[in-house]
Amino acid sequence: MTPAPERAGGDGPAWISLTTDYGLADGFVAACHGVIARLAPAARVIDVTHLVPPADVRRGAAVLAQTVPYLPVGVHVAVVDPGVGTVRRGIALATPGGLLVGPDNGLLPDAAEALGGVTAAVELTNPRWLAPEVSRTFHGRDVFAPVAARLALGAPLADAGPAVDPATLVRLPEPVVRPAPDGFTAEVLTVDHFGNVQLAAPGDLLAGLPARLLVAGRPAAHGRTFGDAAAGELVVYVDSAGLVAAAVNGGRAADVLAVGPGDPVAVTAPS
Amino acid sequence: MTPAPERAGGDGPAWISLTTDYGLADGFVAACHGVIARLAPAARVIDVTHLVPPADVRRGAAVLAQTVPYLPVGVHVAVVDPGVGTVRRGIALATPGGLLVGPDNGLLPDAAEALGGVTAAVELTNPRWLAPEVSRTFHGRDVFAPVAARLALGAPLADAGPAVDPATLVRLPEPVVRPAPDGFTAEVLTVDHFGNVQLAAPGDLLAGLPARLLVAGRPAAHGRTFGDAAAGELVVYVDSAGLVAAAVNGGRAADVLAVGPGDPVAVTAPS
Amino acid sequence: MTPAPERAGGDGPAWISLTTDYGLADGFVAACHGVIARLAPAARVIDVTHLVPPADVRRGAAVLAQTVPYLPVGVHVAVVDPGVGTVRRGIALATPGGLLVGPDNGLLPDAAEALGGVTAAVELTNPRWLAPEVSRTFHGRDVFAPVAARLALGAPLADAGPAVDPATLVRLPEPVVRPAPDGFTAEVLTVDHFGNVQLAAPGDLLAGLPARLLVAGRPAAHGRTFGDAAAGELVVYVDSAGLVAAAVNGGRAADVLAVGPGDPVAVTAPS
């Protein structure tokens, strides 16, 4: 199998993105930036988010998978890693749309799918690619950032460590989506900054449903944007990631519906 | 009318700034960065803030207008956009000091004034400038970021869409400032991270007022910096944006005064 | 004494880092970025953090000192500055590992030590290096950012102002670390985003202590990473900065121990 691309860039700068649960109040994110800057000073870095809730691998996976299609081809580092320093593997994945680097705990496969699927995978064991001393608690700085920098410089993926069978990668459970005659029930995938509730349901499940719907039993408009509902009213729409979502025009749907990630929500035609 | 400059930069990199209410916990900001990076990889991006309170157009306008004078000449994108996907226009404005891109809801005119005034305005309707598929809820990613990237690359403003009469731009109401014989009353414009209360009053209104003042009826020093007041004491001063502000040395004036944006505050000489 | 390096960089871009208590909701950080971009457009900027608690010089000093060793050689600006606009000096320090710029209030010396020690110091009094009008409340924008930009461009440190005797720099009190026969007591230095409690105790104080310990009287594992403790259990380890720290596997040690910065914590072998 010939993974492509195994390197970032081509013309123009090499790009690296960072997605973590490190927060913004410590120096953790900057240390990762610094390690990259020292090894690959011409690389440009985009911060996806560092506010993944601590250890929330599922949330990290969803944000990453929904964002990478809009990022430049490059190396995407993600670190939500409650098992840091234990036996869980550090991995890098090649896809047609770029490279992914992080722990083997389910964080990366959804993003790999969004980039075209895994074409090669390696375990990050080559000590010459890592920090001279690897701490047991900060692999973002000591493992994943230096690996990303070397990949951004064009080093071959295979030099990072031995090949891993993609079938052995840890994967998160599929979220529940259950069609029903008058609509469907789907798990909440994420709640965003605006309180919009994104369901794990592809947007085409809304096609054919009427202009008025029930969401978790509450009346809602079937619309296309927030302003299609009256002020304070629920609206169900296809969001910018192509998934079914519920919002409140001028409010927070997550509060109105009192739901959070993992909760099932029914979207149905009123009887 | 010949707008100038219609392009960002000249020598050196092209600069783009971003001001939004997207928050930092989702991938929204990164998607905007990514769209810019794909279209204009040499452009450099400065994040003004992404923590404008959701849909608070007035706060976004104030932060943007007070910050752009210190940014490099370039393209300033602002997205606080509760009407996204409805009939409100997307616009770009040319000024002597740079370009502004965002919704036509009052967010941009104050910044345009700070950059020398609007010399040309267009509505963003050219589909070749936008994402291939424009979502109804994420114009930051699908409209404003790609437009900014193209302007940063030097594309002429007039290619973005038809000219708009600047007199038709949506404007926010002027904040209340009411001079009085013994001082003045002014609306709170912003409360900053430190709890400092910025009034919509030009700093020269403080000239001639005595060394001891009343702010909303409470005694305050008339000073030049926080340390001109005793610990815990109120101080009224001309802030770094040239406006009258109230602070508490070592505390939060907004809490002490129990005021927020839009509230009137009287600054008077004691009788 | 020949300070080295007095300039940032060499090959590759010049690097500047920013550490402040400005928060992320106003335009303060962007104004600093903008001033740098206007003066030194080729310089690259890394944000360490802007969420130092307001006026918490000690916290700012700790984050900066623990992060700068991982940043590229460059100019590190730090602004946690409750005395802005008063008689406190603005300073720049040269070290073997880079330059530091900020107020003379104890914020910089620990970072200077981490970079090899102060080799030269100046007071920032040259008006040609500062903003044309220096506000009394925003020296990040008007003093420290322009000084950093000029240093990044290679201007000699001595041109920024007169030399300062390093012995006269304001220093923070040393945190308390008290060895004991069965362990030690040390002050909490920082609590990070994960609630991990970092003590002001070098990691080698843990050497020789047994596999089970008491932390503030509570049983804890003596381990190397979070996963060395059972879920919900305390673990004491050497953290990624080389200091003794306490964590809870899957929880927040600061909450479990009910401690914060400055509190003394005893780490002892059970009797």
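Letters go in sequence order (proteins before strands), and every chain restarts at 1. Computed from a prediction, not measured in an experiment: that's the story for all the values here.
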Heavy-atom neighbours of C:R224 CZ exceed 12 at 6.0 Å: no
Would you call A:D26 and C:R59 a side-chain contact if the rule is heavy atoms closer than 4.5 Å? yes
Interchain contact, A:A55 with chain C, by part (heavy-atom threshold 4.5 Å): neither
When you measure from the side chain of C:T49 to the backbone of A:L24, do you find a donor-acceptor pair of N or O atoms at a distance under 3.5 Å? yes
With a 4.5 Å cut-off on heavy-atom pairs, point out which of A:G85, A:G27, A:A25 contacts chain C the most. A:A25
I'd like to check C:F194 versus A:D21 (side-chain heavy atoms, cut-off strictly below 4.5 Å). Are they in contact? yes
Determine the minimum heavy-atom distance between C:H193 and A:P54, stating which atoms define it. NE2-CG, 4.0 Å
Between A:R44 and chain C, with a heavy-atom cut-off of 4.5 Å, which part of the residue counts as in contact: side chain, backbone, both or neither? both
C:D47 portion near chain A, given a 4.5 angstrom heavy-atom threshold: backbone
Locate the shortest heavy-atom distance separating A:A30 from C:V48; write the atom from each residue and the value. CB-CA, 3.5 Å
How long is the gap from CH2 on C:W15 to NE2 on A:H33, to the nearest 0.5 Å? 9.5 Å
If one checks every heavy atom of A:V29 against chain C at 4.5 Å, the contacting part turns out to be neither
Does A:R136 make a cation-pi contact with C:Y237 (under 6.0 Å, within 45 degrees of the axis)? no
Interatomic spacing from CZ in C:F226 to CG in A:D81 - rounded to 0.5 Å: 9.5 Å
With chain A, which of C:V52, C:D192, C:V63, C:V68 has the greatest number of heavy-atom pairs at distances under 4.5 Å? C:D192
Engaged part of A:F28 at the chain C interface, taking heavy atoms whose separation is under 4.5 Å: side chain
Check each atom of C:P53 against the heavy atoms of chain A and say whether the ones under 4.5 Å are side chain, backbone, both or neither. neither
Working to the nearest 0.5 angstrom, can you tell me the gap between C:S240 OG and A:H139 NE2? 10.5 Å
